[in-house]
Amino acid sequence: MDVSIIVPTYNEAPNVAELVRRASAALEGRRAEIIFVDDSTDDTPDVIREVTKSAVLPVRLIHRDEKIGGLGGAVVEGMRAAESDACLVMDGDLQHPPEKIPELLDRFARSDVDIVVASRYVGGGTAHGLADRTRVLVSKVSTAVTKAMFPVKLRDVTDPMTGFFLVDRRTIDLETLKPRGFKILLEILARKVFRVAEVPFDFGDRHAGESKASFLQGMHFLAQLAALRFGKMSLFAVVGGFGAVANILIVWALTAVGVNYIVAAVIAAEVTIIGNFLLIEHFVFHDMRHAASGVWSRFAKSFAFNNAEAVIRIPIVALMVSSGHISAVLATAITLVVAFFVRFVFHSLVVYAPRKAGAHTSAVREVLEEIDEQAMQPGEI
Ligand code: GDD
Ligand code: MN
């Protein structure tokens with residue numbers, strides 16, 4: 001067997017036959033099987049059984065009574081059952097064109113990578129099948145945030161949210177995966193450093209039926225992100241909390257000795273910004289310093305960002321209060337929360353970004369892998 005094609009399905013009855021037909025045509029001349037891992041509540045299992053009879057490729061159906069782990073859980077179950085170690089995962093609604101499969105297989109056959117990712121965001125790839133502008137924005141923002149949270153592991157991956165990829169099952173530890181919801185590739189990639197290659201693809205329109213994406217799936221995704229990378233971000237929050245308290249104390253102390261309150265606020269802000277930088281250097285991003293740019297360059301970026309943030313945030317609060325009829329306290333709280341995430345993204349993506357590896361890729365890479373290994377451990381103050 002050259003490849004096992006794993007297709008998670010939830011009420012995809014009108015798409016099954018077409019998928020098997022196009023995948024079979026694309027896989028002509030290769031030894032392949034198609035495994036549907038199905039959680040449907042409609043007649044999808046019957047349709048799959050019917051298609052099995054006339055299919056040129058072996059088609060298997062795993063129907064689950066309990067949809068544990070949702071889409072991700074189904075994929076892991078399919079990988080366990082696969083004949084081949086090469087497991088190709090794709091959706092059952094034809095948004096992932098089966099005609100791309102040979103390209104993924106050929107890339108994989110070069111044997112220099114563990115995972116081949118079909119990406120919407122590289123080369124000629126597109127995401128035009130995303131339902132509307134909101135989903136495009138959600139996809140772009142969540143991809144950026146995710147990459148920022150795993151700057152080393154996702155360095156070579158432009159589309160960690162794709163559900164179209166080929167993986168050598170032997171390189172992943174299926175037992176340690178905690179599949180939850182839609183983003184199974186991220187779950188895999190976040191665990192260790194893989195050798196990844198990408199091929200571009202057009203994320204097309206659904207053949208038939210409806211998307212199962214939902215607000216709840218979005219919440220699952222956020223919980224997954226937090227669980228995978230909670231250590232660093234929570235520390236970053238703790239340091240931010242210290243900074244806020246320090247800020248208040250400095251303003252209080254200075255005004256108590258008669259300093260003008262605006263002067264006091266400015267001094268407090270600058271002292272806190274510098275203090276925060278020192279704290280995150282030592283407690284949050286300490287394991288990424290060595291691969292990042294020099295300390296003065298890091299400081300300059302951090303300092304500039306925090307000052308810009310302070311300057312920009314105040315007029316935004318004013319705007320929210322004057323145009324949105326919300327209280328100044330609420331507007332301040334909202335902007336502080338947003339600023340926290342933006343600050344975290346900026347620091348892990350820009351301030352502590354690994355220097356470009358250049359000619360010494362493998363040596364630098366080894367160091368980076370080790371550093372990221374460390375970065376996964378929750379930090380301690
Ligand atoms: N077995 C199983 N169980 N399959 C499921 C479940 C579930 O609970 N939920 C969804 N699926 C199947 C669908 O039947 C479909 O084949 C595939 O998973 C993707 O679901 P869609 O409903 O088509 O969602 P989408 O188009 O919004 O999501 C796709 O695009 C994302 C990128 O934006 C998927 O490819 C995601 O994996 C991908 O991340
Ligand atoms: Mn879809």
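One-based numbering, in listed order, for ligands and for the atoms of each.
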*Might you list the protein residues in contact with ligand 1, defined as having a heavy atom under 4.0 Å from one of its atoms, sorted by chain and number?*
P8, T9, Y10, E12, V37, D39, K67, G70, L71, A74, D91, G92, D93, Q95, H96, R120, L130, R135, M161, G163, F182, K183, F203, R206, S211, K212, A213

_Quick one, T158 and R120 - any side-chain contact, counting heavy atoms below 4.5 Å?_
no

*asked:* Between R30 and D106 (salt bridge meaning N to carboxylate O under 4.0 Å), is one present in this structure?
replied: yes

*So, for H96 and F203, is the gap between ring centers shorter than 6.0 Å?*
yes

In residues 74-81, what donor-acceptor pairs under 3.5 Å come from side-chain atoms, sequence neighbours left out?
none

*Between Y352 and F277, how do the two ring planes meet: parallel, tilted or perpendicular, split at 30° and 60°?*
parallel

_For the residue pair K100 and F164, would you count it as a cation-pi contact if the rule is NZ or CZ under 6.0 angstrom from the ring centre and within 45 degrees of the ring axis?_
no

*Who are the salt bridge (charged side-chain N to carboxylate O under 4.0 Å, His left out) partners of K147, not counting sequence neighbours?*
none

_Please determine whether residues M161 and Y121 belong to a single hydrophobic cluster, defined as Ile, Leu, Val, Met, Phe, Trp and Tyr linked transitively by side-chain heavy-atom distances below 4.5 Å._
no

_Pair V157, F194 - check side-chain contact (heavy atoms from CB on, under 4.5 Å), show working._
CA-CA 10 Å; V157 185; F194 289 93; over 6 Å; no

*Keeping waters out of it, list the protein N, O or S atoms under 2.8 Å from the Mn ion (ligand 2).*
D93 OD2, Q95 OE1

